Amino acid sequence: MRLSHAFIPTQKEIPAEAAIPSHQLMIRAGLMRQLTAGVYSFLPLGFRAILKAIQIVREEMNAIGGQEFLLPALNPESLWVQSGRRDIPNFILSIKERDLVLAPTHEEVIAQIAGMHIQSYKDLPQIWYQIQTKFRNEPRPRSGVLRGRQFIMKDSYTLDTSFENLDIGYDKHAEAYRKIFTRCGLKFFVVGAYSGAMGGTGSQEFMVESTSGEDTVVLCQKCGYAANLEVAKSSVAGVGRIAESKSPAEIHTPNVHTIDELAVFLNIEHKWLAKSLVYQHNSKPLLILMSGNDQLNEAKLGTALAGGEFRAMPAEELSKLTGADAGSIGPLGLKGFRIIADKRLEGANNLISGANRNDYHIANIDMQRDVKVDGYFDLRTVESGEACSSCGSPLKITNAIELGHIFKLGTKYSDALNVTYLDENGQSKPVVMGSYGIGIERIIACAIEQNNDKDGIVWNTALAPYPVHLTAINMNNNDIVTTADRLYKSLNEAGLDVLFDDRGNVSPGFKFKDADLLGMPVHVIVGEKGLKNNQIEVKLRRTGIRTMVPIDDLIPTVKKLLAD
RNA sequence: CGGGGUGUAGCGCAGUCCGGUUAGCGCACCUGCCUUGGGCGCAGGGGGUCGCAGGUUCGAAUCCUGUCACCCCGACCA
């Protein structure tokens, strides 16, 4: 491609709306432009990068036996009513003029096709995938393409006869994903993840560490334990019992509202304080007891409650219902509440909690004797530095971008949409499904987040829109023009895609700045300096190292550099 | 959905508090000359319903009311 005729609008200034490096650079380097919140137009250069990523994904999906589909983005609303996902909050965008919705994912359509045509165990297993545009009603799109309302996703689905066979397809995907992200040159890690309302029996996320990421993950750098904070565990001792279990006693605690204040007021360790959190679960009041300042993890709470809607009770309702304000709530004497507690409190005694009366707490609470607990669950959020539950080393907490997510779905959708097969005995059984996603734009954004410097993007060969950037330093010099034209031709003939800066009346400095901003891995520079000695300059974007090579050695040199 | 912020030329911004020439600056763009190894120089030029609607006023980018859009923090995110 000749830059003199290319549409690659670069800009010197950082766009005001972009807060993270990948977003800034994707705009500055002319890869994309925003159309509206969470929706981006990919320009030719950006689309080339997208196509590179798609091709890698496609090859690895085909390698595990995936069959590529193209499913419609327009779906009948009724299909989503049938699966029970029509009314998930902030999920589906719909069409005003018809009873159609824009598909946010494709389990439903896959199930519909499978339901029609999968009849026998002989038809299974299947791996079906597509690479297609998805639409979601994101309340707050942000961070460029990291969270959009419209995005390209590789989504695949496994159909199997059993959970054992599901594991095979799931493991194939895990392996394919490792290959995909490795080929894309990304430093990634895999974490155990929350399955949430997606349902199913297990899931893992493929993550890239980044301060721009929206997910929080827990990592053990010694043994490799890695989990999304939503499900992460650590080794924290239970509160435990002391020998003597005294009788509950009310204590006056004027103007003490927080756990920290209470600990200071009573001069006591935090762990003996049972913090009360009041929630509503399916509109019924729920008291959650945590030890000290342990933070409730709402994802874990969701798992513990096994479905239904829950939310923290607003302060007004709370005081109306209990007669006390938040900070003075406790398990004793509380009527009409279901009570659950964090595992750390199991069996503990000598605890202090609110008296359901402002300015009073109750001491010597014995969880076994005094509190009717409807279950102990792991509800606490892991904190940085806590001991790894596998090896005891301190855990690290970091932000990450989710590139891919793999789910063992089970029969949730086959049950809802009646997808069955006949087994060897002629028995009708539900098809066991798995579902697997990769965000294509996120591959590009992560690659840029991980590979940029003050001058611009640093592409690796796998994703670079063009592997070679060729610059003619001075278009008024006939030798340079002739040589650069000839090299452009021969590089193309050698199978290398070249972006050729043949612009006249553009200063060398400007061309260098643009080349660095666009960030192609190998920069070939044709200038008077080298030409005097029949040499061409080759610069590596990543290292900035320049070498002079004889003209005849150029193509093998470039090929070698790209392969490294 | 709660909190905060911003809408003025393609991009980045000033001007708005305190109403008053022809709405300015840098970059980009166009023409000519010049220059060619790190976003050249000189001269000339084009481009604006000041987000939108209504109101106040002799007069509104500026004040008032409403509304829309976008960004950031949080909530949310199968």
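Treat the numbers as computed from the prediction; the structure is a model and nothing was measured. Convention: sequence-line order gives letters A, B, ...; per-chain numbering from 1.
- Rounded to whole Å, the separation between the C1' atoms of rC18(B) and rG7(B) comes to 22 Å.
- Of the P atoms belonging to rC63(B) and rU8(B), the separation is 16 Å, rounded to the nearest Å.
- Between E13(A) atom CD and rG39(B) atom C1' there is a gap of 11 Å when expressed in whole angstrom units.
- Taking atom C1' in both rG4(B) and rG41(B), one finds a spacing of 45 Å when rounded to whole Å.
- Straight-line distance from the CE atom of M313(A) to the P atom of rA75(B): 21 Å, rounded to whole Å.
- At a threshold of 4.0 Å, the pair K454(A)-D516(A) does not count as salt-bridged, since none of the basic side-chain nitrogens sits closer than that to a carboxylate oxygen.
- Ion pairing between R142(A) and E214(A) holds under the 4.0 Å rule for side-chain N and carboxylate O.
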Protein and nucleotides 67-71 of chain B: nitrogen or oxygen contacts under 3.5 angstrom:
from, atom 1, to, atom 2, distance (Å)
rC70(B), OP1, T36(A), OG1, 2.6
rC70(B), OP1, A37(A), N, 3.1
rC70(B), O3', Q34(A), NE2, 3.3
rC71(B), OP1, Q34(A), NE2, 3.1
rC71(B), O3', E17(A), O, 3.4

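- Ring pair F188(A)/F206(A) is tilted by interplanar angle, where 30° to 60° counts as tilted.
- If you measure from atom NZ of K532(A) to atom P of rG37(B), you get 11 Å, rounded to the nearest angstrom.
- The environment of F91(A) atom CZ is dense: over 12 non-hydrogen atoms of other residues, nucleotides or ligands sit within 6.0 angstrom.
- rG55(B) and rC70(B) are spaced 26 Å apart, taking the C1' atom of each and rounding to whole Å.
- Taking the six-membered ring where the residue is Trp, the centroids of Y40(A) and H23(A) are separated by under 6.0 Å.
- Annotation: D99(A), atom CG; neighbour count of heavy atoms from other residues, nucleotides and ligands within 6.0 Å does not exceed 12.
- When the C1' atom of rG41(B) is taken as reference, atom CZ of F510(A) falls 15 Å away, rounded to whole Å.
- Between rC25(B) and rU31(B), the distance separating the two P atoms is 22 Å to the nearest Å.
- Comparing M153(A) and G530(A) against RNA chain B, the residue whose closest nucleotide sits nearer the 5' end is G530(A).
- Base contact: D514(A) has a heavy atom under 4.0 Å from a base atom.
- Pairing for rA69(B) goes to rU6(B), judged as Watson-Crick or G-U wobble with the two contacts each under 3.5 Å.
- In the set rC76(B), rG37(B), rG12(B), rC76(B) carries the atom at the smallest distance from any side-chain atom of N90(A).
- For K529(A), whose side chain is taken as the heavy atoms from C-beta onward, the closest listed nucleotide among rA75(B), rG37(B), rG39(B) is rG37(B).
- Under 4.0 Å is where a charged nitrogen must lie from a carboxylate oxygen, and between R541(A) and D453(A) at least one such pair does.
- Remark: rC34(B) base-pairs with no nucleotide in the shown strands. Criterion, Watson-Crick or G-U wobble with two distances under 3.5 Å.
- By the 4.0 Å N-to-carboxylate-O rule, D342(A) lies too far from K275(A) to be salt-bridged with it.
- For rC18(B), there is no paired base (Watson-Crick or G-U wobble, both distances below 3.5 Å).
- Nucleic acid contact class of E298(A) (heavy atoms, under 4.0 Å, all strands): sugar-phosphate only.
- Straight-line distance from the CD atom of E138(A) to the P atom of rC1(B): 15 Å, rounded to whole Å.
- Heavy atoms of K539(A) sit under 4.0 angstrom from at least one base atom.
- Straight-line distance between the P atoms of rG74(B) and rA60(B): roughly 43 Å, to the nearest whole Å.
- When both distances must be under 3.5 Å, the Watson-Crick or G-U wobble mate of rU57(B) does not exist.
- Rounded to a whole angstrom, the distance from the C1' atom of rC29(B) to that of rG39(B) is 16 Å.
- Nucleotide rG74(B) forms a pair with rC1(B), judged by Watson-Crick or G-U wobble geometry with both contacts under 3.5 Å.
- Spacing between atom CD1 of I14(A) and atom P of rC27(B) amounts to 18 Å, rounded to whole angstrom units.
- Between the C1' atom of rG37(B) and the NZ atom of K511(A) lies a distance of 11 Å, rounded to the nearest Å.
- Counting non-hydrogen atoms under 4.0 angstrom, P89(A) reaches nothing in the nucleic acid.
- Straight-line distance between the P atoms of rG48(B) and rG10(B): roughly 8 Å, to the nearest whole Å.
- Nearest-nucleotide positions on RNA chain B for M475(A) and P104(A) put M475(A) closer to the 5' end.
- From E298(A), atom CD reaches atom OG1 of T381(A) across 9.0 Å, with rounding to the nearest 0.5 Å.
- Of all nucleotides present, only rC13(B) satisfies the Watson-Crick or G-U wobble test against rG24(B), with each distance under 3.5 Å.
- A salt bridge is absent between E13(A) and R28(A): the closest approach of a Lys/Arg side-chain nitrogen to an acidic carboxylate oxygen does not fall below 4.0 angstrom.
- As a whole-Å value, the separation of N505(A) CG from rU31(B) C1' is 12 Å.
- Checked by distance alone, E537(A) brings a side-chain donor or acceptor within 3.5 Å of a matching partner on the base of rG37(B).
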